[in-house]
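Residue numbers begin at 1 in each chain, while the letters A, B, ... track the order of the sequences.
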Amino acid sequence: MASYTVAYEKSKSFFEAYERKAELQHQTHYCPGCGHGIVHKLIANAIDELGIQDRTILITPVGCSVFAYYYFDTGNIQSAHGRAAAVATAVKRARPDSIVLSYQGDGDLAAIGSAEILHAANRGEGITVIFINNAIYGMTGGQVAPTTLLGQKTTTTPFGRSEWNEGYPLKVAELLASLEAPVYIERVGLGNNKQIMQAGRAVRRAIENQVRGLGFSLVEVLSPCPTIWKLDPVDAQRRVREEMPKTFPLGVFRDRTKEAAARPRPPAPPPIAEIPRILSVANGLPRTKAESQRSTIQVDLRVKIAGFGGQGVLMLGEVLAEAGLDAGLEVSWLPSYGPEMRSGTSNCHVRLASRPIDSPLVSRPNALLALNEPSLDKFLTSVEAGGWVLYNGAALPDGCARADVHTISENFTQLADELGDSRAGNMVMLGALLEATGMLSGDSIRTALERLVKSQRWLEIDRQALGRGREVARRGGFHAS
Amino acid sequence: MRKQLTKGNEAIVKSAILAGCRTFYGYPITPASEIAEAAALYMPQAGGVFLQAESEVAAINMLYGAAAAGVRCMTASSGPGISLMQEGISYLAGAELPCVIADIMRGGPGLGNIAPEQGDYHQVVKGGGHGNYRTIVLAPDSVQEMAGLTALAFDLADEYRNPVVVLADGYIGQMMEPVEFPPASAPRPAPGWAVQGTAEARRNLITSIYLEPDGLEAHVRKLDAKYRQAEEREVRAEAWRTEDAEIVLVGYGIVARVLKAVVEQARACGLAVGLLRPITLYPFPSGELQRLSRRARMFLVVELSNGQLWEDVRLAVEGRTPVELYTRVGGNVPSAEEVLAVLWGKARPLAEREELVHG
Amino acid sequence: MSHDRSKPDRGRVELNSEECKGCGLCVEACPPKVLRLAGHLNRYGYHPVTCFTHGCTGCGICFFVCPEPGAIIVLRATALEAETLYA
C-alpha cells in the first residue's frame with residue numbers, strides 16, 4: 001500500500017469550526033459555486049505562507065462577504081457599507097505592524113465607497129485591497145452595480161444596462177492605476193483553474209507588498225455569482241472566463257513592487273514630558289508676579305472693538321485680554337465671526353473684570369473702540385453712560401455726539417502712518433484707552449505684546465504706537481493718575 | 001499654575017493630546033476648522049496621526065478603524081458635517097467603540113450660516129443616526145470647560161465604550177479665555193477587546209451586525225443597560241443661585257453665560273431667579289430639574305434652537321411647573337437685557353398672582 | 001482516460017460530503033476526470049462530489065476551484081514531493 005501525505009487542506013488561517021455562525025458551522029454561507037469562497041481560500045493560503053496570521057486584520061464590507069469574519073481566524077473588523085478603505089486607513093496607521101486586508105465587493109467599493117477607495121489609493125495607504133467584481137449586487141438580490149456589463153439585465157435594469165441611463169461599466173483597476181501612489185494593481189479572474197492559480201499569485205503578491213512595507217496594492221477579482229446570474233456554477237465560471245474580460249481585461253495595471261520604496265515609518269513619539277512644551281502649554285510654570293498679586297481695585301471693563309477687517313480689531317482685543325490676564329484679572333475675548341463678518345466688518349468683545357465673568361458677550365460696553373464710522377454708528381448708542389468712546393477720526397460725525405460719555409476722536413490710523421505703518425493704528429488707540437482709563441500697568445501691556453507679537457520690528461512699532469496713543473490722551477486732557 | 005489665553009477650539013485639541021489622544025481624522029468646516037488646524041499642527045509633533053479625510057463620512061469611519069484598533073481618537077465638525085457622520089456614529093455605538101466628536105454648532109438647516117446656533121441639539125442628543133443608541137453629550141460653556149470636558153469625554157468614551165460628543169456653539173469655539181491645562185498623560189494601552197494585529201488580540205472581532213433577532217435584541221438591551229448606568233452616574237449640571245429660586249432659567253453653552261448675567265440683573269431687580277445649566281445633555285439632568293420644580297414657579301428655557309432643549313425640560317418637569325421658552329436662531333444670540341425683558345414679561349403675571357417680587 | 005490500474009494512484013482526495021454544496025466546479029476542473037456528483041443527496045439537499053474511479057494525480061486543482069475551505073483535502077503519495085502551485 002502506498003502511503004499518502006496531505007498536499008492541500010483547509011488553511012490554518014480559517015477557523016476549524018465557524019462558531020460565529022448560528023448554524024451549519026462547518027460550511028460557508030455562500031451559494032454553491034460562489035467566487036467569494038475561492039478568494040477566501042487564496043487569501044488564507046497567502047496568510048499561511050507568509051506566516052502573518054497573528055498580524056492580519058481583515059476589514060469586511062457590507063455585501064455577501066459581510067460575514068467573512070465567520071471564517072478567518074485573524075483580527076476582524078466589520079465596517080459600514082463602502083467605508084472599508086477609510087476604516088483600513090486608520091487601522092493601518094494605528095497599528096503599522098499589522099497586515100490590513102480590506103475585502104470589498106463591487107457595490108461596496110465601486111459605488112457607495114468610490115470616494116473612500118479613490119482617496120485611500122491616492123494616499124498610497126499601506127494596505128491590501130481585495131476587490132470582488134461580480135458585476136451585480138448579490139446580497140440585496142441582484143440590482144445593478146457600477147460594474148454591471150452593458151446590456152446585462154438586473155432587477156433594477158430590467159431592460160438591460162444602458163450606457164445612456166447607468167453609464168458604462170466602471171473599470172476600477174484602470175481608474176486607480178491612473179493615480180501616482182499605488183504600488184500594485186492587477187485584475188484577475190476565477191474563470192478556470194489557471195485563472196484561479198494566477199489570482200492566488202496576485203493575492204499573495206498584494207499581501208506580500210504590505211509585509212515588505214510598500215504602499216497600496218489592489219487585486220480586482222472577476223468572480224462568479226451563479227445564483228443571481230441564474231446560471232449553474234460551471235456556466236457562471238465560463239461567463240467569467242469568456243464574457244467578463246471583454247469589458248474587464250485581465251492583467252497587471254501597475255507594478256512598482258521592485259522599485260517602490262517602503263512607506264516611511266512614523267517617527268518615535270516624543271517623551272510625555274515634552275508634550276506641554278510642544279503644545280505651548282505652560283503647566284508647571286508658576287503664576288507671574290502680577291497674576292498672583294490680584295488687584296484689589298474693582299474692575300469691570302466691557303469693551304467693544306469694531307472696524308474693518310485688516311484694521312487689527314481682533315489683535316487689539318487680544319493684547320487687551322492678555323494684558324488683563326497678566327494683571328491678574330478675569331478676561332474674555334470673543335470675536336463676532338458671524339453675520340457681522342459678512343460686510344467685511346470685524347468686531348470683538350473683550351471683558352476684563354476682578355470678578356468671574358458671566359457673559360463674554362458685551363451688549364452694554366463701557367468702552368467702545370470704533371475704528372471706522374459704520375462701527376461708531378452701529379454701537380454708539382449701546383455704550384453705557386459714563387463710558388468711553390474712542391473714534392478713529394478727527395471728530396465725531398454730525399449727529400453722533402453723546403454728552404454722557406467720554407469721547408476721544410483722533411485720526412489714529414494717520415498717527416500710525418507717521419510711525420511707519422498704518423496697521424499700528426489699533427495700538428495707538430489702545431495706548432489712548434490705557435492712558436485715559438488708567439487701566440493696566442505698562443508691564444502687563446509689554447508682557448502681552450511679547451507673548452503675541454513675534455517679530456522684533458513689529459514689537460518696536462507697537463511700543464511706539466502705544467506711546468503715541470498715550471500722548472494723544474494726555475494732550476486731550478485725559479489722564480487717569 | 002499659569003493660565004493661558006486660549007481659543008475654545010484650540011483648547012479642545014491641546015486637552016485631547018494631554019489626555020493621551022494621538023489620532024485625529026477630520027474635515028474642515030466653519031466654525032470648527034481651528035480644531036482640525038490645531039490637530040494638524042500638534043498631532044504629528046506629539047507622535048500622533050492627523051489626516052484631513054476626503055469627507056466627514058470618511059473621517060468618522062476612520063475613527064471607527066482607529067477606535068477598533070484600540071487608540072484614543074477624535075474628530076470635529078459642525079452641523080452639516082455631523083449630519084454626514086451620523087451613520088458612522090451609529091456604527092460606532094453599535095460596535096461599542098469609544099471616540100470623541102466635537103460639534104461646534106452653526107446655523108441651519110441646510111447650509112444655513114456659520115454663526116452660532118444650537119440647532120444640532122436633536123441630532124446630537126437624541127442620537128441622529130439609525131437604531132437604538134445614545135451618545136453621551138457634554139456641553140461646555142467656557143474655554144476652561146472645552147478643555148476639561150474634552151478630557152472627561154475621553155474617559156467616559158472608554159468607560160462606556162461609546163462615542164461621546166462635546167457639543168458647543170460657534171461662540172464657545174471661537175472665543176478666548178484663560179485656561180489652566182492639566183499635566184500630560186501618556187496614551188493609555190489598547191483595551192483587551194481591540195483588534196491590534198497581535199497573537200493575543202487575534203480572536204477579537206469588532207462588528208455591529210447581529211443577524212438573529214434574539215442576538216440583536218440582547219445586544220440592544222446591553223447597550224440600554226449601559227445608558228441606564230450613565231443616567232445614574234454621569235449626570236452633570238451647574239445650579240447657579242437656585243437655592244431660593246422661584247424662576248429657574250435653563251440654558252447651556254454660550255446661552256448659559258448670558259443667563260448668568262441675567263440672574264445677576266434680575267436679582268438686582270428683586271426677582272428670585274436662578275440658572276440650571278445642563279453640562280451633560282445626555283444623560284439629561286432631569287432629576288435636578290424635578291427637584292427644582294418643587295420650589296420653582298416657572299422655568300424659562302432659553303436656547304439658540306427652536307424649542308429642542310425645551311422638550312427635554314418639559315419631559316423632566318412632567319407638567320408640575322410651567323416651562324416657558326425664549327429662542328433666538330439664525331446666528332443671533334440674545335443679550336442679557338433682552339432676556340431680562342422677556343423674563344419680566346413672563347414673570348409679571350405670575351408675580352401679580354403669587355407675589356413673586358420681593359422688596 | 002488511460003490509467004494503469006496495477007499501480008497505486010499518485011494522489012488521493014478526501015471529500016467531506018457534508019461540506020460540499022454540489023456546485024460541480026471540481027468535477028469540471030479535474031484533469032483525470034475522477035470526480036462526479038453523487039446520485040444521492042447529502043443532509044442539505046445537495047448532490048455531493050465523489051471520487052468514483054482511480055487515476056487521481058494529487059494535482060490540487062479541485063482544492064483550489066472549490067469554494068469551500070474544508071470540503072476537499074488532497075493527498076499525494078509520499079514519494080512525490082509536495083510542491084506549491086505558485087512555484
S.K.: Between B:Glu200 and chain A, which part of the residue has a heavy atom less than 4.5 Å away: side chain, backbone, both or neither?
M.R.: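 Neither; nothing under 4.5 Å.
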
S.K.: To the nearest 0.5 Å, tell me how far A:Arg277 CZ sits from B:Gln45 CD.
M.R.: 8.0 Å

S.K.: Identify which part of A:Asp97 has an atom lying under 4.5 Å from any heavy atom of chain B, answering side chain, backbone, both or neither.
M.R.: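 For A:Asp97, neither part sits under 4.5 Å from chain B.
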
S.K.: Is it the side chain or the backbone of B:Arg106 that comes within 4.5 Å of chain A heavy atoms, both, or neither?
M.R.: neither

S.K.: Kindly compute the distance separating CZ (B:Arg202) from OG (A:Ser13), expressed to the nearest 0.5 Å.
M.R.: 7.5 Å

S.K.: Measuring heavy-atom distances to chain B, does A:Leu361 have an atom under 4.5 Å in its side chain, in its backbone, in both, or in neither?
M.R.: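 The answer is the side chain of A:Leu361.
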
S.K.: Grab the two heavy atoms, one from A:Ser359 and one from B:Ala261, that are nearest each other, plus how far apart they are.
M.R.: CB-CB, 4.2 Å

S.K.: Do you know which two heavy atoms are closest between A:Thr89 and B:Tyr25, and how far apart they sit?
M.R.: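 Taking A:Thr89 first and B:Tyr25 second, the nearest heavy atoms are O-OH, 4.3 Å.
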
S.K.: Supply the atom-to-atom distance A:Arg20 CZ to B:Leu205 CG, rounded to the nearest 0.5 angstrom.
M.R.: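 Spacing of CZ (A:Arg20) from CG (B:Leu205) equals 4.5 Å.
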
S.K.: Between A:Phe72 and chain B, with a heavy-atom cut-off of 4.5 Å, which part of the residue counts as in contact: side chain, backbone, both or neither?
M.R.: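 No part of it gets close to chain B.
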
S.K.: Check B:Gln174 against A:Pro335 and note the closest heavy-atom contact, atom names and distance.
M.R.: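 Where B:Gln174 meets A:Pro335 most closely, the heavy atoms are O-CD, 3.4 Å.
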
S.K.: Can you tell which part of A:Ile357 gets under 4.5 Å to a heavy atom of chain B, answering side chain, backbone, both or neither?
M.R.: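 Both parts, heavy atoms under 4.5 Å.
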
S.K.: Measuring heavy-atom distances to chain A, does B:Glu87 have an atom under 4.5 Å in its side chain, in its backbone, in both, or in neither?
M.R.: side chain

S.K.: Pick one of side chain, backbone, both or neither for A:Arg351, based on which atoms fall under 4.5 Å of a heavy atom in chain B.
M.R.: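 Contact with chain B is absent: no heavy atom of A:Arg351 under 4.5 Å.
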
S.K.: Could you tell me the separation between the CG atom of A:Leu325 and the CE atom of B:Met176, rounded to the nearest 0.5 Å?
M.R.: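 It comes to 10.5 Å.
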
S.K.: Under 4.5 Å heavy-atom distance to chain A, tell me which part of B:Ser142 shows up: side chain, backbone, both or neither.
M.R.: neither

S.K.: With a 3.5 Å distance limit and no angle check, can you tell me whether A:Arg95 reaches the backbone of B:Ala69 through a side-chain donor-acceptor pair?
M.R.: yes

S.K.: Counting only non-hydrogen atoms closer than 4.5 Å, does B:Glu212 touch chain A with its backbone (N, CA, C, O), its side chain (CB onward), both, or neither?
M.R.: side chain

S.K.: For B:Ala66 and A:Ala90, which heavy atoms make the closest approach, and how far apart are they?
M.R.: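 Looking at all heavy atoms of both residues, the shortest contact is N-CB, 3.5 Å.
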
S.K.: How many angstroms lie between NZ in B:Lys7 and CD in A:Glu318, if you round to the nearest 0.5 Å?
M.R.: 8.5 Å

S.K.: Does any heavy atom of chain B fall under 4.5 Å from the side chain of A:Gln53, the backbone, both, or neither of them?
M.R.: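 It is both, since atoms from each part get that close.
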
S.K.: Contact part of A:Ile77 toward chain B, heavy-atom cut-off under 4.5 Å: side chain, backbone, both or neither?
M.R.: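 For A:Ile77, heavy atoms of backbone and side chain both lie under 4.5 Å from chain B.
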
S.K.: Let me confirm one number: the CD-OH distance from A:Gln78 to B:Tyr64, rounded to the nearest 0.5 Å.
M.R.: 5.5 Å

S.K.: Against chain A, label B:Ile254 side chain, backbone, both or neither, depending on which of its atoms sit under 4.5 Å from a heavy atom there.
M.R.: side chain

S.K.: Name the member of B:Leu211, B:Asp141, B:Val263, B:Val179 that forms the most heavy-atom pairs with chain A at distances under 4.5 Å.
M.R.: B:Leu211

S.K.: Is A:Val350 in contact with chain B via its backbone, its side chain, both, or neither, using a 4.5 Å heavy-atom distance?
M.R.: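 A:Val350 has no heavy atom closer than 4.5 Å to chain B.
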
S.K.: Can you name the closest pair of heavy atoms from B:Ser55 and A:Glu116 and give their distance?
M.R.: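 Residues B:Ser55 and A:Glu116, closest heavy atoms: OG-OE2, 4.4 Å.
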
S.K.: Given the options B:Leu51, B:Leu259, B:Val71, B:Leu41, which has more heavy-atom pairs under 4.5 Å with chain A than any of the others?
M.R.: B:Leu51

S.K.: Work out which heavy atom in A:Asp54 is nearest to a heavy atom in B:Ala199; give both atom names and the distance.
M.R.: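 Result for this residue pair: OD2-CB, 3.3 Å.
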
S.K.: Measure distances from B:Val13 to the heavy atoms of chain A and classify the residue's part below 4.5 Å as side chain, backbone, both or neither.
M.R.: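 No part of B:Val13 comes within 4.5 Å of chain A.
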
S.K.: Is it the backbone or the side chain of A:Ala22 that comes under 4.5 Å from a heavy atom of chain B, or both, or neither?
M.R.: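 The side chain, not the backbone.
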
S.K.: Heavy-atom distance under 4.5 Å to chain A: side chain of B:Val258, backbone, both or neither?
M.R.: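 Both backbone and side chain.
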
S.K.: Please test A:Asp73 against B:Arg203 for side-chain contact (heavy atoms from CB on, under 4.5 Å), starting from the C-alpha separation and ending with a verdict.
M.R.: CA-CA 7 Å; A:Asp73 182 5; B:Arg203 292 286 164 93; 2.7 Å; yes

S.K.: Under the 3.5 angstrom rule, does the side chain of B:Gln4 hit a backbone N or O of A:Ser280 as a donor-acceptor pair?
M.R.: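 Looks like yes, one N/O pair under 3.5 Å.
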
S.K.: Measure the shortest side-chain to side-chain distance between B:Leu18 and A:Ile275 over non-hydrogen atoms and say whether it is less than 4.5 angstrom.
M.R.: yes

S.K.: Under 4.5 Å between any side-chain heavy atoms of A:Tyr69 and B:Ile209, yes or no?
M.R.: yes

